[in-house]
Amino acid sequence: SIRADLDQLLELQTLDSERDAALKSRARIDSGAGAQTQVGTAQTEADQAASQSSKTARELKDAELELASVEVKAKSYEQKMRSGTLTNAREITNVEKELHQLHRQRSALDDKILNLMDQAERDREAAASKSEHLRQAHQQLDDQKSLSRQTLDRLNTQINRLAVSYTHLR
């Protein structure tokens with residue numbers, strides 16, 4: 001009958017519209033490109049922060065070694081002064097000048113070390129923060145991929161179901 005044919009045609013049209021909508025939805029599934037870009041940016045920032053932290057730690061270690069060297073030299077000159085082996089006024093004056101220079105150098109190194117210790121702490125905190133941001137970016141990417149896979153599976157199932165229904169109606 002015409003009524004049955006019209007009903008079947010309407011059902012086919014409905015199935016076709018649902019299938020088109022599902023295909024369009026499938027084409028719009030987020031591939032995770034934005035999340036992948038965020039991971040790349042976070043990785044670069046984390047690498048830079050870790051590199052800066054390592055650099056500051058090396059500078060601190062170098063300054064500490066330099067300070068130890070200055071202290072050894074100063075002790076050596078102080079021992080010369082106390083030993084009484086310096087008898088010439090000129091030698092004594094030169095050693096005193098050297099000691100004053102070493103004390104100034106030690107003071108400058110103490111300040112440098114304190115500043116580097118503060119900077120090293122800030123750099124470690126920044127590196128930890130960037131590392132956490134990277135972990136979160138990876139988690140967001142994984143979540144996005146999982147959601148995309150689930151959505152894709154659901155849409156593919158729906159499209160296949162519609163195709164079977166469509167075939168049965170024809």
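All figures in this text were calculated on a predicted structure; none of them were measured in a lab. The chain is numbered in sequence order, starting from 1.
With contacts defined as side-chain heavy-atom distances shorter than 4.5 Å, the pair Gln158/Leu155 qualifies. Inter-residue side-chain proximity for Thr41 and Gln38 is flagged as unmet; no heavy-atom pair is nearer than 4.5 Å.
Ion pair Glu59/Lys55 flagged as a salt bridge, since at least one NZ, NE, NH1 or NH2 atom sits closer than 4.0 Å to an Asp/Glu carboxylate oxygen. Using a cutoff of 4.0 Å between basic side-chain nitrogens and carboxylate oxygens, Arg124 and Glu121 are scored as salt-bridged.
The closest donor-acceptor contact from the side chain of Thr93 to the backbone of Ala89 lies under 3.5 Å. The backbone N or O of His103 sits nowhere less than 3.5 Å from a side-chain atom of Ser107 that would complete a donor-acceptor pair. Using modelled atom types, one side-chain atom of Asn160 and one backbone atom of Asn156 make a donor-acceptor pair closer than 3.5 Å. No donor-acceptor pair under 3.5 Å is formed between the side chain of Ser129 and the backbone N or O of Glu125. Formation of a donor-acceptor pair under 3.5 Å by the Ser69 side chain with backbone atoms of Leu65 is not found in this model. Between the side chain of Ser53 and the backbone N or O of Ala49, no donor-acceptor pair lies under 3.5 Å.
Linking ILVMFWY side-chain heavy atoms closer than 4.5 Å, directly or via other members, places Leu114 and Leu116 in a single hydrophobic cluster.
Judged by distance alone, the side chains of Glu18 and Thr14 never bring a donor and an acceptor atom under 3.5 Å apart. With hydrogens and angles left out, the side-chain atoms of Gln119 and Asn115 include no donor and acceptor closer than 3.5 Å.
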>> Evaluate Arg104 against Gln101 for side-chain contact (heavy atoms from CB on, under 4.5 Å), listing each step before the verdict.
In response: CA-CA 5 Å; Arg104 282 192 300 273; Gln101 174 59 28; 2.9 Å; yes
> Can Gln13 and Asp16 be said to form a side-chain contact (heavy atoms from CB on, under 4.5 Å), step by step?
Replying inline: CA-CA 5 Å; Gln13 186 177 10; Asp16 198 36; 5.5 Å; no
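Expressed to the nearest 0.5 Å, how far OG of Ser148 lies from CG of Asp153 amounts to 10.5 Å.
Counting non-hydrogen atoms of other residues, nucleotides and ligands closer than 6.0 Å to CE of Met81 gives a total above 12. Crowding of Arg19 atom CZ: a count of heavy atoms from other residues, nucleotides or ligands under 6.0 Å not exceeding 12.
The salt bridge (charged side-chain N to carboxylate O under 4.0 Å, His left out) analysis of residues 42-54, with sequence neighbours excluded, yields the pairs Glu45-Lys130.
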Do any side-chain atoms of residues 134-143 form donor-acceptor pairs under 3.5 angstrom with protein atoms, and if so which ones, sequence neighbours left out?
residue	atom	partner	partner atom	Å
Arg135	NE	Glu132	OE1	3.1
Arg135	NE	Glu132	OE2	3.3
Arg135	NH2	Glu132	OE2	2.7
Gln136	NE2	Glu132	OE2	3.1
Gln139	NE2	Asp143	OD1	2.8

